[in-house]
There are 2 protein chains.
Amino acid sequence: MYVTSEPIAPDADFFSAPQSTGRVLPDRRVAMGQHVFREGDTVRQIYQVKSGVVRLARLLEDGRRQVIAFGYPGDIVGFPSLGCYHSDCDALTDTVLRPYRRQVLEDGGGDPALHRFLLDAALKEISAMQDHFMMLGRKSAFEKVASFLTALCARVGTGTDGHYTVKLPMTRGDIGDFLGMTTETVSRTLTQLRKSGVIEIDHVNTVVVMNPEGLIALASGEAN
Amino acid sequence: MYVTSEPIAPDADFFSAPQSTGRVLPDRRVAMGQHVFREGDTVRQIYQVKSGVVRLARLLEDGRRQVIAFGYPGDIVGFPSLGCYHSDCDALTDTVLRPYRRQVLEDGGGDPALHRFLLDAALKEISAMQDHFMMLGRKSAFEKVASFLTALCARVGTGTDGHYTVKLPMTRGDIGDFLGMTTETVSRTLTQLRKSGVIEIDHVNTVVVMNPEGLIALASGEAN
DNA sequence: CGGGTTCTTGACTATCTTCAACGAAAGTGG
DNA sequence: CCACTTTCGTTGAAGATAGTCAAGAACCCG
């Protein structure tokens, strides 16, 4: 999921992607920790995440890293530019991917409905990335973490009566590289959110949002 | 121009966009300071910048702003998401825009070549935005400004024998909101670059790069 | 020429990073 | 199954980078 993007309803049929009229490629399974593709590889297919979570990231020569997005079920990853992938993609959990031929995105490949579906995904991605810009460029550490948790909850949170539980398959370092801050600051911010009672943390990578309104307020900079 | 994107040769025929086979919309002229479209407006057409420079930006409720991109000749602006523009677009100079019907992007509108052209532009934009992520999230003030000037030079710089001149039609505030820093820090950084002899500044909004290699080194974090 | 905006500079402060240490968790091999 | 190693997470102290506030200079416009 592009964590900054709009939530999809839990029962949304993101597999409503039109069936290809051509030969259907078999799903690709990728084990946790394995890579899906690398920056610079020639794009032969793009993928829709069916289950699991992937991480899209780019590296600078000196090792600095920027996580571009986390891909959750329903998301499309691997859009080409000049024929190549422009980020690394790795599986954070065991993942199942549905491949689409690159050609379907580019010229329709005889399947207009699928073509349109992929195009819309690309356009939505542009929009989602703009939210991410705002987060990277203009938000404080608190707002970043609160925004991140809010978006995650809306997208993949489970729970009822004002409590949402969210699993974090990524490390603190991944979150930091996504939000443009250090591992330590992510950790400290989560600790403060916990101490203020807005969230609870189970076993490091499960967050329970106790006070969603408070979290949303923090995300947009009210108080801090 | 997506300042982070690849330069185009000065004489590149960015108007090589295939001629529409349908009725051609007349160019749109927008005076300096006027807006082209607003976030939330329904997209009826998308534009290619023919001349001039535009600014794409988003606002937070509390007034914080993030400049998404500067649109230079050849760039496509106004990609829809869910049928609406997702940022404000304003003309920084008198600007001429070539409109394309939204439908041509979405389903081809009977013009496959133009459709493909617009799609490629969207995919390139995704790639360019990823560079921008790295800049916003992982670079220091010096690196940001140096990267910005480097990209501008490569794209629209004029000059010979190791000197490049670049006009800045945007304010320091615009640059700051593009790079995720304050007006003051942009100003201070430019002053330091000037004092170190890497650039000279004519009349506030013209920069002459005296030492392009030095600037490139600074952009990627070598020394500072 | 005068008024408003933009740019620059300085002093001070806050936020976040860096460096370092330690503890917990998870994976490895005997 | 347990010791060992490694990675990951948390916390603290110190420092650096960039932000804030404020004032003055330069520029632009009618």
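Just so it is clear, the structure is predicted and the values come from calculations on it, not from any experiment.
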Using whole Å, what does the distance between atom [atom2] of nucleotide [N] and atom [atom1] of [X] come to?
| X | N | atom1 | atom2 | answer |
| --- | --- | --- | --- | --- |
| Met181(A) | dT17(C) | CE | P | 6 Å |
| Phe142(B) | dA16(D) | CZ | P | 16 Å |
| His203(B) | dT8(C) | NE2 | P | 13 Å |
| Lys139(B) | dT17(D) | NZ | C1' | 17 Å |
| Glu143(A) | dG19(D) | CD | P | 14 Å |
| Leu179(A) | dT15(C) | CG | P | 18 Å |
| Leu168(B) | dT6(C) | CG | C1' | 14 Å |
| Leu136(A) | dC16(C) | CG | C1' | 15 Å |

Practice prompt. Give a yes or no on whether a salt bridge exists between Arg64(A) and Asp177(A), defined as a side-chain N under 4.0 angstrom from a carboxylate O.
Written response: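 Salt bridge between Arg64(A) and Asp177(A), a charged N being under 4.0 Å from a carboxylate O: no.
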Worksheet item: Any salt bridge between Arg65(B) and Asp174(B), counting N to O under 4.0 Å?
Response: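 The answer is yes: the pair qualifies as a salt bridge.
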Say whether [X] and [Y], considering side chains only, have a donor N or O and an acceptor N or O under 3.5 Å apart.
| X | Y | value |
| --- | --- | --- |
| Thr189(B) | Gln192(B) | no |
| Tyr85(A) | Arg38(A) | no |
| Thr150(A) | Ser147(A) | no |

Item to complete: Would you list the pairs meeting salt bridge (Lys or Arg N to Asp or Glu O under 4.0 Å) in which at least one residue belongs to residues 182-209 of chain A, sequence neighbours left out?
Response: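 Not a single pair qualifies under salt bridge (Lys or Arg N to Asp or Glu O under 4.0 Å).
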Worksheet item: Reading nucleotides 6-11 of chain D from the 5' end, what letters show protein touch, with B for base, S for backbone sugar-phosphate only, - for no heavy atom under 4.0 Å?
Response: ---SBB
